[in-house]
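These values consider heavy atoms only, across backbone and side chains, with no hydrogens, waters or symmetry-generated copies. All values reported here derive from a predicted model rather than from experimental measurement.
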2 protein chains.
Amino acid sequence: MRKTSSRAGGRGRPKRELTRERIMKAARAVFAHHPYHSASMRMIGRAGKFDHALIRYHFPSKAKLFGALLAEVCDELVEANRSCLEGLAGLPPDGAIARYLDRFLDYHDDHPAALRIITLNIALADRPDAIPGYRRIPEVLTRTRETFEQALPVPAPADEVARYHYAFNNLLINFLGAGSCQMIILGMKGRDADYRAWVKKTMTFLFLPPLKKLMGESG
Amino acid sequence: MRKTSSRAGGRGRPKRELTRERIMKAARAVFAHHPYHSASMRMIGRAGKFDHALIRYHFPSKAKLFGALLAEVCDELVEANRSCLEGLAGLPPDGAIARYLDRFLDYHDDHPAALRIITLNIALADRPDAIPGYRRIPEVLTRTRETFEQALPVPAPADEVARYHYAFNNLLINFLGAGSCQMIILGMKGRDADYRAWVKKTMTFLFLPPLKKLMGESG
DNA sequence: TTCTTTTTTTTACGATCGTGAAATATTATT
DNA sequence: AATAATATTTCACGATCGTAAAAAAAAGAA
């Protein structure tokens, strides 16, 4: 007979969902270190200590699994961005940018896989669906731009705001997503805290002056 | 008997070298669209219209081939950078940055594979030799910084110059190397000329003011 | 020409890939 | 406990991978 609810009788979430999350977690770890076509189902299985065939029971294919993961990661990024922008409207430019960077760097420390997955696959968008669900990546930029416009309304033309937002996020994604390589370049290998401070200082150095202009505080 | 010179009697370069270049050209095309582990010898063979086994006669392994290509590409980038910086010392900041960007964008139009190869593999440097010869990538940054310091000496602390140089090149590499994706984000898919203009404008918008500061023209 | 060297293709091996079906184990229901 | 449903593993298939050796072709030297 058909089970009416997987949760019936048991405490906690149904096993189906728990396993899906285990798989997603393992997939996140693997796709954070290998571009889509280089990662394999068997790598994910090893990372999560389950057989690779189990994935197929919960996700119909590698492409669908990656698509689901990418969607999750991108939604998470948009939400993190929204959260980091909260309550910045009243602050002066230097306070706002410092606050935003501190928050976002915290987010990245807690969820380093997200930006890595983006960075590893962003350059692969040659033709539509060269990687599954790649549309999500450009969408992150457009969605965070809308959030930015609403959270920090500034008296400046929309295309200037877009230019600022786009450059800001591109550079930050690159700094954090490819951080391990950047640290090597800067001679900070392993010194994550130093690198974090460097990123904050550099982003501020570069983006505070134009932010002042955007906010009409040109000085 | 041993041939004293492959060139003997024939006009032009020896076949050995010609084939090596054919292989490198095909490899460049393939590695410009696939990260190291995703690209295959057979792809390269198809791209160059030769059997994949031929590669092994001229290069001992996939890793060595990629290493050779990466070294070539990185040297080419350093040289392009040097060439683009030539004669900029006397110019005012806005002229210098415009000139540099025009030149470098020209270079990229002629050799789009170079920055693509960098961008596709830069985030893979987890551990030493996750990709063969990855050291070349950080080296490009350090070498171009030295070139920059010599070509455009400015009265500013070395770490500020380094910060500027590093951010500038990171963003530019990202804009151009992942251009196809960036154009999608900006709604400029296929409009390469528009995107090029956008890149120039954005880079100028962002990097001209701090360059003025570096050059002591703070306004 | 004939012989030797160099270059290229053919063929093959073991490994890994994504996927699928079958077999087994686990859990829920009666 | 018996039965049904769900979850997981085992096994297998065809394809592709990098590499290797042998065979064939092309080129050069005599």
Side-chain angles (χ1 to χ4, degrees), chain A residues 1-27 30-31 33-69 129-132, chain B residues 1-27 30-31 33-69 129-132:
Chain A
M1 219 190 180
R2 186 140 194 82
K3 235 194 330 186
T4 55
S5 161
S6 303
R7 196 181 290 114
R11 63 216 175 295
R13 291 207 303 295
K15 189 166 198 184
R16 175 176 185 77
E17 198 176 328
L18 284 174
T19 304
R20 273 185 67 101
E21 283 173 15
R22 272 214 308 158
I23 293 172
M24 287 290 260
K25 185 179 172 185
V30 170
F31 283 120
H33 290 85
H34 305 274
Y36 173 64
H37 288 105
S38 305
S40 79
M41 305 292 257
R42 286 168 174 85
M43 285 182 196
I44 297 169
R46 279 192 295 270
K49 315 239 185 241
F50 47 77
D51 194 275
H52 73 275
L54 176 61
I55 303 173
R56 234 186 74 77
Y57 181 75
H58 293 271
F59 297 89
S61 68
K62 180 186 176 185
K64 295 283 186 182
L65 169 63
F66 184 78
L69 176 63
D129 275 330
I131 66 165
Chain B
M1 219 188 179
R2 185 141 197 83
K3 238 194 326 187
T4 54
S5 162
S6 304
R7 197 181 290 116
R11 63 212 175 296
R13 292 206 303 296
K15 190 165 194 182
R16 176 175 185 78
E17 198 176 328
L18 283 174
T19 305
R20 272 184 68 101
E21 284 174 15
R22 272 214 307 157
I23 293 172
M24 287 290 259
K25 185 179 172 186
V30 169
F31 283 120
H33 294 273
H34 305 275
Y36 173 63
H37 288 104
S38 305
S40 80
M41 306 292 256
R42 285 167 174 86
M43 285 183 198
I44 296 169
R46 279 192 295 271
K49 315 241 184 239
F50 47 77
D51 194 274
H52 74 275
L54 176 60
I55 303 172
R56 232 184 76 78
Y57 180 74
H58 293 271
F59 297 89
S61 68
K62 180 186 177 184
K64 296 282 187 183
L65 169 63
F66 184 79
L69 176 63
D129 276 327
I131 66 166

Here the gap from B/Asp51 atom CG to B/Arg46 atom CZ, rounded to the nearest 0.5 Å, amounts to 11.0 Å

Heavy-atom pair with the smallest gap, counting every atom of [X] and [Y]:
X       : Y        : value
B/Leu65 : B/Met24  : CD1-SD, 4.0 Å
A/Ile23 : A/Leu54  : CD1-O, 4.3 Å
B/Ala39 : B/Val30  : CB-CG1, 3.7 Å
A/Phe66 : A/Ile131 : CE2-CD1, 4.0 Å
A/His58 : A/Thr19  : NE2-CG2, 3.5 Å
B/Ala27 : B/Ile44  : N-CG2, 3.7 Å

Quick one: is [N] close enough that its OP1 or OP2 comes under 4.0 Å of any side-chain N or O from [X]?
X       : N      : value
B/Tyr57 : C/dT8  : no
B/Arg56 : D/dG18 : no
A/Ser40 : C/dC17 : yes
A/Thr19 : D/dA7  : no

Write down the distance between [atom1] ([X]) and [atom2] ([N]), rounded to a whole number of angstrom.
X       : N      : atom1 : atom2 : result
B/Arg20 : C/dT6  : CZ    : C1'   : 15 Å
B/Met41 : C/dT16 : CE    : P     : 18 Å
A/Leu18 : C/dT26 : CG    : P     : 17 Å
A/Arg46 : C/dT16 : CZ    : P     : 8 Å
A/Arg16 : D/dT8  : CZ    : C1'   : 13 Å
A/Asp51 : C/dA21 : CG    : C1'   : 14 Å
B/His37 : C/dC17 : NE2   : C1'   : 15 Å
A/His58 : C/dG18 : NE2   : P     : 18 Å

B/Leu54 side chain, from C-beta outward: closest of C/dT19, D/dT8, C/dT9
C/dT9

What's the closest nucleotide to the B/Lys15 side chain, out of D/dA26, D/dG18, D/dT8?
D/dA26

I'd like to check B/Met43 versus B/His34 (side-chain heavy atoms, cut-off strictly below 4.5 Å). Are they in contact?
yes

For a 4.5 angstrom cut-off between non-hydrogen side-chain atoms, does A/Lys25 reach A/Arg22?
no

Which residue lies toward the 5' end of DNA chain C, B/Lys49 or A/Met43, if each is placed at its nearest nucleotide?
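Per heavy-atom nearest nucleotide, the more 5' residue is B/Lys49.
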
Classify B/His52 by what it touches in the nucleic acid, base, sugar-phosphate, or nothing, heavy-atom distance under 4.0 Å.
base

When the nearest nucleotide of DNA chain D is assigned to A/Arg42 and to A/Ile55 on a heavy-atom basis, which residue is associated with the more 5' position?
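By nearest-heavy-atom nucleotide position, the 5'-most residue is A/Ile55.
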
Can you list, in residue-number order, the parts of residues 59-67 of chain A that come under 4.0 Å of DNA chain D, counting heavy atoms only?
none

Any sub-3.5 Å donor-acceptor pair from B/Lys62's side-chain atoms to B/Tyr36's backbone N or O?
yes

Report all interatomic pairs (protein N or O, nucleotide N or O of nucleotides 23-25 of chain C) with separations under 3.5 Å.
none

